A.B. asks: 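This is the structure I want to talk about, given as structure tokens.
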Amino acid sequence: MAPRCLVIQVVACDTTEAACKAYLAADARADVVELRWDLVRDLDADRLLRLKGKPKLITVRSRQQGGAARPAEREPLLRKALAAGVDYVDLEFGDRDLAFVKQRGRTRRILSYHDFNGTPADLLALHGEMRAAAPGALPKIVTLADAASDILRVRDLLRSAGPGALISFCMGPKGVPSRILAPSWGSAAVYAPSRGAAASAPGQVSLEDLFELYRAHRIGPRTRLLGVLGYPIGHSLSPRVHNAALAALGLDFCYLPFEATRLAEFLPLLSELRLKGLSVTLPHKEAIARHLDGLDETSRGVGAVNTVVKIWNRLEGRNTDVEAALAPLALRTALKGARVAVLGAGGAARALVFGLVRAGARVTVFNRTRAHARVLARRFGVRHLPWSRLRRFPCDVLINATSVGLAPDIDSVPVPVSWVVAPIVYDIVYNPVETRWLREARDRGRQTLGGLEMFLAQAAAQFAMFTDRPAPVDVMRETALKALGSSPLERPAAVRHPPRRPATRRRKR
Ligand code: ATR
């Protein structure tokens, strides 16, 4: 962590017993433990004060302040903490708490301002007022990132305050990058609960993830930043997979999750954070193209960008989905002349159909909403048929490019397996690693191919573009399987098979 940045482990337990246990089990990397007294229902403050261990920060927030304490309980508890000489107390910026700020004693006072609804317009003025009201206290300004670009305002505020003079970051999913970058921007502290422990504010990153996943303690002025842009982004595997690969190669990069509902709210971050590269996912894959300096042939052809790389200050749009979707399949069968049925007409289907046509396959599109199938089929000059024609539709490969079967909807199948005659069945869903549809197809003797290899191949291609190094694909696979709750031993077999010709041709000979 940056030298002047305290790591504050948040303990937000609802019983004294649990809070004592969590305090005593505090992570060795934490400098201070925050005890949220307001959240403990059977609070035995004396017992918690007697515990020996890490320096304590006592926080008692009222309901109006985003906590759970009744106003009448709050002040006596703060008085008790100060009388006991705890290391830190958290006070709220406002008239009433200023009396505690002025009280003598060894306790360091953190003067907090929270905005759970947004980021106020004039942060500098707010900071100035806080400093004037309590010159001896450590100010803390924490706001909700309403727009992804709010984190830049917090960065600028931290820079103007100087290292170690202010605690600041943004809450909420859009604020996550600020929690990871705040130490490098000069924040005097970061707050993080232990993994699996109760969170006390939206968008918190666990202490383990801060150190092990994002390696926030190592982020410095030379660290190159990467990330994934999408909405929602909380469940994306990409930060885990890319950061594990970066760490395995010892590269000074950090890959962040950027959530943005509208593209416009994210665009300032591209240049302001000097991002070296970006993975782009739903719903921004199409719209981002207009904001780039150039597009490669594949992203132009598909009409979607899943990768942005900065090359000599130019932002280049690329698409690694197409190659990634087809490479595992091409290891199983020759694509030229193969009869391929594609289920779905969304973004994934578009990348597949573009790639299949380019490889010389004969493609038929099926989609629940026929109008969408028609648009896709027209764009790439392939045929489309009604869903009902899927029953025993003769083809060499059947691909599910819909979201049917994706967790948590793991019991659904796109079409009954009894309808499937294709010898090769490919499901681009990778969570679960083996969908019910694939499992049933495998039980019926079909060759199956899951979506994880595609996910890994697109990520590996991006990694190489971002870092100019070949991706450690095994590290990526193990990380993805671990995150998906599967054993790394259950590897999809795709890459071990030599290429095979389409089944129909074999039958004809
Ligand atoms: P992606 O970019 O991942 O492909 P998408 O653009 O939202 O995501 O596309 C989702 C695809 O899954 C669409 O083809 C959708 O069909 P519609 O065009 O009819 O919406 C398909 N899909 C989603 N749920 C489905 C379901 N229950 N049955 C059949 N198709 C479904």
Side-chain angles (χ1 to χ4, degrees), residues 228-238 260-261 263 279-289 298-299 301-307 317 319-326 329 340-357 363-380 382-391 393 398-417 419-420 425-432 435-438 440-441 449-459 462 484:
V228 56
L229 165 68
Y231 175 79
I233 210 65
H235 297 293
S236 170
L237 271 188
S238 297
T261 357
L263 185 58
S279 311
V280 186
T281 184
L282 293 177
H284 303 304
K285 282 185 175 185
E286 289 158 40
I288 198 154
T298 309
S299 37
V302 183
V305 167
N306 81 326
T307 312
N319 191 311
T320 65
D321 281 339
V322 173
E323 182 56 28
L326 295 190
L329 184 59
V340 183
V342 175
L343 313 184
R350 204 157 70 179
L352 268 162
V353 172
F354 170 81
L356 285 165
V357 169
V363 179
T364 309
V365 174
F366 297 84
N367 192 51
R368 176 180 63 178
T369 309
R370 196 140 180 229
H372 298 165
R374 193 177 307 122
V375 171
L376 176 71
R378 281 214 185 120
R379 176 172 181 140
F380 297 113
V382 298
R383 70 173 177 158
H384 67 98
L385 289 173
W387 197 258
S388 57
R389 292 280 303 278
L390 263 171
R391 188 187 285 268
F393 180 75
L398 178 61
I399 307 179
N400 175 39
T402 74
S403 47
V404 179
L406 177 69
D409 191 19
I410 57 170
D411 286 328
S412 303
V413 294
V415 289
V417 170
W419 286 17
V420 177
V425 179
Y426 182 7
D427 196 341
I428 62 145
V429 171
Y430 63 80
N431 183 15
T435 57
R436 177 181 167 187
W437 194 57
L438 276 196
E440 289 180 2
L449 181 54
L452 188 64
E453 288 307 309
M454 170 185 171
F455 172 78
L456 291 171
Q458 63 78 27
Q462 291 184 331
L484 294 167

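Note that the coordinates shown come from a computational prediction; the quantities given were computed from them, not determined experimentally. Start at 1 and go down the list; that is how both ligands and their atoms are numbered.
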A.B. asks: For atom 11 (C) of ligand 1, what is the closest protein heavy atom, and at what distance to 0.1 Å?
C.D. replies: Thr402 CA, 4.0 Å
A.B. asks: What I'd like to find out is whether the side chain of Trp437 reaches to under 4.5 Å of the side chain of Leu398, using heavy atoms alone.
C.D. replies: yes
A.B. asks: Show your working on side chain to side chain donor-acceptor pair (under 3.5 Å) between Thr369 and Asn367 and close with a plain yes or no.
C.D. replies: CA-CA 5 Å; Thr369 309; Asn367 192 51; 4.5 Å; no
A.B. asks: Among Ile399, Val363, Val365, find the residue that satisfies the side-chain contact (heavy atoms from CB on, under 4.5 Å) test when tested with Leu352.
C.D. replies: Ile399
A.B. asks: State, yes or no, whether a side-chain contact exists between Leu385 and Phe393 at a heavy-atom distance under 4.5 Å.
C.D. replies: yes
A.B. asks: What part of Thr369, side chain from CB on, backbone N/CA/C/O, both or neither, has a heavy atom under 4.0 Å from ligand 1?
C.D. replies: both
A.B. asks: I need the nearest protein heavy-atom contact for atom 28 (N) of ligand 1: residue, atom name and distance, please.
C.D. replies: Val404 CG2, 3.5 Å
A.B. asks: Give me the nearest non-hydrogen protein atom to atom 16 (O) of ligand 1 as residue plus atom name, then the distance to 0.1 Å.
C.D. replies: Asn367 OD1, 3.3 Å
A.B. asks: Any idea which protein heavy atom is nearest atom 23 (C) of ligand 1, and the distance to it?
C.D. replies: Ser403 OG, 3.4 Å
A.B. asks: Tell me, which protein residue and heavy-atom name are nearest atom 27 (N) of ligand 1, and how many Å apart are they?
C.D. replies: Arg368 NH1, 3.4 Å
A.B. asks: Do the non-hydrogen side-chain atoms of Val382 and Leu356 ever get within less than 4.5 Å of each other?
C.D. replies: no
A.B. asks: Please state which protein non-hydrogen atom is closest to atom 5 (P) of ligand 1 and give its distance, to 0.1 Å?
C.D. replies: Gly346 CA, 3.9 Å
A.B. asks: Without swapping roles, check the side chain of Tyr426 against the backbone of Ala325 for a donor-acceptor pair under 3.5 Å.
C.D. replies: yes
A.B. asks: Please check whether His372 reaches ligand 1 - meaning an N/O of the residue sits under 3.5 Å from an N/O of the ligand, judged on distance alone.
C.D. replies: yes
A.B. asks: Which residue holds the protein heavy atom closest to atom 2 (O) of ligand 1, what is that atom called, and what is the gap in Å?
C.D. replies: Gly347 N, 3.1 Å
A.B. asks: Heavy atoms of the protein only: does one fall short of 4.0 Å from atom 7 (O) of ligand 1?
C.D. replies: no
A.B. asks: Just let me know how Leu282 lines up against ligand 1, side chain, backbone, both or neither, with a heavy-atom cut-off below 4.0 Å.
C.D. replies: side chain
A.B. asks: Using every non-hydrogen atom in the two residues, find where Leu438 and Leu449 come nearest and quote the distance to one decimal.
C.D. replies: CD1-O, 3.4 Å
A.B. asks: Counting from 1, what ligand 1 atoms have a heavy atom of Ala345 closer than 4.0 Å?
C.D. replies: 14 (O)
A.B. asks: Taking the side chain as everything from C-beta on, heavy atoms only, tell me whether Val302 gets closer than 4.5 Å to Asp321.
C.D. replies: no
A.B. asks: Counting only nitrogen or oxygen atoms and a 3.5 angstrom limit, does Gly344 reach ligand 1?
C.D. replies: no
A.B. asks: So which protein heavy atom does atom 4 (O) of ligand 1 come closest to, and at what separation?
C.D. replies: Ala348 N, 3.1 Å
A.B. asks: Which heavy atom in Gly230 sits nearest to a heavy atom in Thr281, and how many Å separate them?
C.D. replies: CA-CG2, 3.9 Å
